[in-house]
Amino acid sequence: MKEDGNLAKKNDAFDLEQTLECGQCFRWEKQQDGSYTGVASGRILNISEQNRGHVLDDPFWKQYFDLPLDYEEIRENLAADDPTLARAAKFAPGMRILNQEPWEALCSFIFSQNNNIPRIKGIVSRFCVGFGEKIGSGYYAFPKAEKIAGLCEQDLAPVRSGFRAKYILSAARKVAQGEVDLEALKTAPLPEARESLMTIHGVGQKVADCTLLYGLHRLEAFPMDVWMKRAMRTLFPGREPESFGEYAGIAQQYIFHYSRNHPELFVTEKESAAVGM
DNA sequence: GTCCAGGTTTTTA
DNA sequence: TAAAAACATGGA
């Protein structure tokens, strides 16, 4: 285990809990011993504070956890930009944006709409168990778009995804037919990529932006859900997402996670709304 | 029983 | 255009 100062510094900016429980992914489970077990691109991994040095020797996982990117520097630049953003970033300095499979991110955030995180996890899990390839005892790969494209709404009933099932089918068919070319969207101009995703029935701007940020690693994408809208109104009045720069998506993740864990920041706004002010 | 959840589509005025 | 309502499901 030889680590030069540079690598050691970068590892400081990687915290498992902050990364895997900040709302960007739905397939990692914390074990009793504090480690995390999950599946990505058909690979099973158990990662802990103890074995992560070894895990990150593997090129795939190094990329998955976005180790090549210097989050320390990005965080410092964002912090210099705005004191509130500095506070949000400091709350989870070890958070990193994962390199998830594009198709998985697309489906996950279709399932996420008007839904809560525990239930999203359950739906994703049933989706994988029901339609994914078995890759180990109790572990399944994320189902292929080609397989899902051949199903009907009734087939998806056991997933219990409600009205979102037909959206998944629309996504699967467009992806399987190449009508939406996810790989190409990694380099397409952002507005163009977003528009392409929004041709899928059930994908609006927010789900498209989540797919871009979490699945296609478009770090300038800035998903605006109810939390982010509230956070922008309250904490960053007058600021546009684009003003956060090329790593706006990372700023978004700091703000989202910070806001969800500090609901007290928004109680006055809630009360004002209730009174009708 | 009612409300809400990392939205989007459909309906209505 | 813009604002409601509907959409499935399940936990609080």
Side-chain angles (χ1 to χ4, degrees), chain A residues 18-28 88 91-92 95-98 100 102 104-127 129-130 151-174 180 194-219 221-236 241 244 248-263 265-267 269-271 273-274 276:
Chain A
Q18 290 169 15
T19 298
L20 299 174
E21 299 193 40
C22 69
Q24 65 175 318
C25 56
F26 304 96
R27 293 202 73 192
W28 289 91
F91 179 69
M95 179 225 87
R96 311 178 74 86
I97 302 293
L98 299 171
Q100 302 183 63
E104 175 176 343
L106 172 58
C107 291
S108 297
F109 285 93
I110 287 174
F111 286 136
S112 80
Q113 62 177 271
N114 198 35
N115 214 342
N116 56 64
I117 289 177
R119 220 174 80 80
I120 298 164
K121 283 187 175 178
I123 289 171
V124 170
S125 173
R126 289 189 290 275
F127 187 58
V129 172
L151 305 179
C152 64
E153 266 189 69
Q154 235 176 1
D155 296 324
L156 289 176
V159 175
R160 315 302 292 159
S161 61
F163 62 88
R164 307 163 191 85
K166 56 182 178 293
Y167 301 158
I168 291 292
L169 293 180
S170 171
R173 285 165 190 157
K174 295 219 176 198
V180 171
R194 179 195 279 159
E195 274 183 36
S196 174
L197 288 165
M198 287 175 65
T199 64
I200 296 166
H201 185 62
V203 174
Q205 185 165 319
K206 191 271 176 180
V207 171
D209 286 343
C210 283
T211 305
L212 287 165
L213 178 58
Y214 305 121
L216 297 161
H217 216 62
R218 297 298 296 261
L219 299 179
F222 195 97
M224 283 279 255
D225 74 315
V226 289
W227 285 95
M228 286 306 299
K229 285 177 185 167
R230 191 163 38 189
M232 291 302 283
R233 273 199 309 272
T234 308
L235 306 177
F236 303 93
F244 290 116
I250 296 176
Q252 180 273 159
Q253 200 63 26
Y254 289 138
I255 297 166
F256 173 78
H257 190 234
Y258 179 70
S259 298
R260 290 213 35 155
N261 287 277
H262 296 274
L265 289 170
F266 309 104
V267 288
E269 177 183 319
K270 256 186 171 174
E271 283 165 0

Rounded distance in Å between the P positions of C:dA3 and B:dG6
24 Å

Separation of B:dG7 atom C1' from A:Arg119 atom CZ, nearest Å, is 14 Å

In whole angstroms, how far is the P atom of B:dG7 from the CE atom of A:Met228?
13 Å

In terms of side-chain heavy atoms of A:Asn115, which of B:dT9, B:dA5, B:dG6 is nearest?
B:dA5

Chi angles and distances behind the side chain to side chain contact (heavy atoms under 4.5 Å, CB included) call for A:Ile250, A:Phe244:
CA-CA 9 Å; A:Ile250 296 176; A:Phe244 290 116; over 6 Å; no

Nucleotide range of DNA chain C contacted by chain A, 5' to 3', under 4.0 Å to a heavy atom?
C:dC7 to C:dG10

Answer with yes or no after comparing the ring centroid distance for A:Tyr254 and A:Phe91 against a 6.0 Å cut-off, counting only values under it.
no

Reckon A:Pro223 touches a base, only the sugar-phosphate, or nothing at all at heavy-atom distances under 4.0 Å?
base

Length of the CD-P vector between A:Gln205 and B:dT9, whole Å
12 Å

Integer angstrom distance from the P of B:dT10 to that of C:dA8
12 Å

Assign each of A:Ile200 and A:Arg164 to its nearest nucleotide of DNA chain B by heavy atoms, then name whichever residue's nucleotide is nearer the 5' end.
A:Arg164

What does A:Met224 touch in the nucleic acid at a heavy-atom separation under 4.0 angstrom: a base, only the sugar-phosphate, or nothing?
nothing

Could you check, using the six-membered ring where one of them is a Trp, whether A:Phe111 and A:Phe26 have ring centers closer than 6.0 angstrom?
no

Just call it for A:Ile117: base, sugar-phosphate, or nothing, with non-hydrogen atoms closer than 4.0 Å on any strand.
sugar-phosphate

Pick base, sugar-phosphate or nothing for A:Phe111, based on heavy-atom distances below 4.0 Å to the nucleic acid.
nothing

A:Phe109 CZ to B:dT8 P, in whole Å, measures 12 Å

May I have the distance from A:Asn116 (atom CG) to B:dC3 (atom P), rounded to whole angstrom?
17 Å

Contact residues, residues 255-262 of chain A to DNA chain C [heavy atom, < 4.0 Å]:
none

When we call it a touch if two heavy atoms are under 4.0 Å apart, what does A:Gly23 touch: a base, just sugar-phosphate, or nothing?
base

For the pair made of CZ in A:Phe266 and C1' in B:dG6, what is the distance, rounded to whole Å?
14 Å

Return each pair, listed once, that meets side-chain hydrogen bond (donor to acceptor under 3.5 Å, both in side chains) where at least one residue sits in residues 154-164 of chain A; pairs must be two or more places apart or across chains.
none

Aromatic contact between A:Phe109 and A:Tyr167, with the criterion being ring centroids under 6.0 Å apart: yes or no?
no

Measure CD1/A:Ile168 against C1'/B:dG7 and give the value in whole Å, please.
13 Å

Evaluate the criterion side chain to side chain donor-acceptor pair (under 3.5 Å) for residue pair A:Gln253 and A:Tyr214; output intermediate values, then yes/no.
CA-CA 10 Å; A:Gln253 200 63 26; A:Tyr214 305 121; 2.4 Å; yes

When the P atoms of B:dT2 and C:dA5 are compared, how many Å lie between them, rounded to an integer?
16 Å

What is the separation between atom CD1 on A:Ile110 and atom C1' on B:dT9, rounded to the nearest whole Å?
14 Å

A:His201 or A:Gln252: which one's nearest nucleotide on DNA chain B is closer to the 5' end?
A:Gln252

